[in-house]
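As the structure is a prediction and not an experimental result, all values here were calculated from the model. Quick note: numbers below take in every heavy atom, side chains included, and nothing from hydrogens, waters or symmetry partners.
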Amino acid sequence: TSTSTSTSTSTSTRELEELTQAMHILKKHEMHRLEMVQEKQREMEKRLELEKALAHSRKLEALGTLAGGVAHELNNQLLPVMTMAELVRTSMEETDKNYRKMVLIHDSAIKAKNTVRRISQFSRISNESGSTCNIDQAWESVKDVVRSTCPTNIVLRFDAVPLHRIANISEDDFQGIVVNLFSNAVDAIGNRTGVITLRKMLFAMDGNAGAIGLSEGRYACISVTDTG
């Protein structure tokens with residue numbers, strides 16, 4: 001009887017150990033399976049973000065093409081307005097009560113033509129490498145583009161100082177970056193009332209500049225902030 005009890009206890013202990021080991025292996029398999037599912041989920045989320053960014057880029061490209069076509073049509077329509085306003089103005093005496101009105105029409109048409117020209121320049125894709133641009137001039141061009149596309153529910157503010165600097169980037173690329181940031185800010189606000197502020201300023205890099213591959217000094221800084 002003693003031998004039988006000892007054998008039964010030994011068998012039960014071994015079965016318990018085997019069961020524990022099997023449960024441990026099963027748990028490891030389940031954890032590995034869970035990690036694989038989570039990894040696939042992260043990959044899917046990353047892919048969706050990339051697809052969203054690509055779709056946004058294509059949308060901007062399509063808008064640029066559309067803007068170029070619209071700018072061309074507007075330019076054609078402004079030409080007779082400017083020409084006729086100039087002809088009428090030059091045929092009038094300055095003392096004429098309508099003289100100032102014709103000057104206003106002509107000057108407004110000229111300003112509109114300059115705005116259209118900047119939009120047309122922005123819509124063209126630049127393939128030049130090693131291009132540079134005057135930041136202050138590029139900023140003035142992109143301001144017209146941003147103003148003309150800003151939704152009515154958004155207040156647009158500019159905070160800029162003259163930088164007198166040349167950037168190692170083409171004017172088209174510079175404007176594209178600013179407009180892309182502006183577009184993201186518009187999307188963040190959505191249909192709500194909000195404010196977007198575009199800033200152009202000098203930024204002093206300190207001893208931590210090396211961490212991002214820059215040397216100490218003063219750099220041009222462009223920022224776009226929103227209340228979305």
Side-chain angles (χ1 to χ4, degrees), residues 41-75 77-78 108 111-126 131 133-163 165 167-205 208 212 214 218-228:
Q41 184 177 0
R42 286 192 292 267
E43 290 178 357
M44 182 62 69
E45 291 174 352
K46 184 177 180 180
R47 180 179 177 181
L48 290 175
E49 286 295 324
L50 291 174
E51 289 178 351
K52 183 179 179 181
L54 180 60
H56 185 67
S57 177
R58 288 175 175 171
K59 178 182 177 182
L60 288 177
E61 184 178 351
L63 286 175
T65 302
L66 177 62
V70 172
H72 179 72
E73 291 299 320
L74 286 176
N75 191 59
Q77 294 170 20
L78 283 170
S108 297
K111 292 178 181 178
K113 181 177 176 61
N114 290 333
T115 299
V116 169
R117 176 180 57 81
R118 287 168 178 169
I119 294 175
S120 181
Q121 289 175 344
F122 169 75
S123 67
R124 290 196 294 267
I125 299 175
S126 174
S131 299
C133 75
N134 183 300
I135 297 178
D136 294 327
Q137 293 178 0
W139 178 262
E140 291 303 316
S141 296
V142 81
K143 279 170 62 177
D144 289 334
V145 177
V146 169
R147 283 196 186 103
S148 64
T149 57
C150 186
T152 56
N153 61 301
I154 295 176
V155 176
L156 191 59
R157 295 175 181 170
F158 296 95
D159 181 10
V161 297
L163 300 183
R165 276 168 165 72
N168 293 322
I169 185 175
S170 71
E171 185 169 331
D172 288 344
D173 289 338
F174 174 88
Q175 293 176 350
I177 291 171
V178 177
V179 170
N180 189 41
L181 293 173
F182 171 74
S183 178
N184 290 339
V186 171
D187 289 342
I189 293 175
N191 296 325
R192 296 166 295 170
T193 301
V195 179
I196 296 178
T197 304
L198 289 83
R199 292 184 174 87
K200 174 171 64 80
M201 55 192 171
L202 286 175
F203 184 77
M205 295 296 294
N208 297 323
I212 55 175
L214 297 175
R218 294 166 66 83
Y219 290 83
C221 178
I222 305 297
S223 72
V224 178
T225 58
D226 63 79
T227 56

Give a yes or no on whether the backbone of [Y] and the side-chain of [X] come within a donor-acceptor separation of less than 3.5 Å.
X	Y	value
Asn153	Gly190	yes
Lys200	Val161	yes
Thr227	Val195	yes

Partners of [X] by side chain to side chain contact (heavy atoms under 4.5 Å, CB included), sequence neighbours excluded?
X	value
Thr225	Thr197, Arg199
Leu202	Leu163, Arg165, Arg218
Arg47	Glu51
Leu181	Ile177, Val224

side-chain hydrogen bond (donor to acceptor under 3.5 Å, both in side chains) against [X], all qualifying residues, sequence neighbours excluded:
X	result
Glu45	none
Lys143	none
Arg192	none

Inset, instruction - For Phe174 and Trp139, work out which heavy atoms get closest and say how close. - result: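 Here Phe174 and Trp139 meet closest at CE2-N, 3.9 Å.
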Legend entry - Rounded distance (nearest 0.5 Å) linking atom CD1 of Ile135 with atom CD of Glu140: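 It is 13.0 Å, given to the nearest 0.5 Å.
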Inset, instruction - Could you walk me through whether Leu156 and Phe182 pass the side-chain contact (heavy atoms from CB on, under 4.5 Å) test, one step at a time? - result: CA-CA 10 Å; Leu156 191 59; Phe182 171 74; 3.8 Å; yes
Inset, instruction - With side-chain contact (heavy atoms from CB on, under 4.5 Å) as the test, would you mind laying out the steps for Val186 and Ile196 before giving the verdict? - result: CA-CA 8 Å; Val186 171; Ile196 296 178; 3.8 Å; yes
Legend entry - Test salt bridge (Lys or Arg N to Asp or Glu O under 4.0 Å) applied to Asp187 - qualifying residues, sequence neighbours left out: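 For Asp187, no residue satisfies salt bridge (Lys or Arg N to Asp or Glu O under 4.0 Å) once neighbours in sequence are set aside.
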Inset, instruction - Check the pair Leu198 / Ser223 against side-chain contact (heavy atoms from CB on, under 4.5 Å), numbers first and verdict last. - result: CA-CA 6 Å; Leu198 289 83; Ser223 72; over 6 Å; no
Inset, instruction - Enumerate the residue pairs fulfilling salt bridge (charged side-chain N to carboxylate O under 4.0 Å, His left out) with a member in residues 147-157, sequence neighbours excluded, ordered by first and then second residue. - result: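 Non-adjacent pairs meeting salt bridge (charged side-chain N to carboxylate O under 4.0 Å, His left out): Asp144-Arg147.
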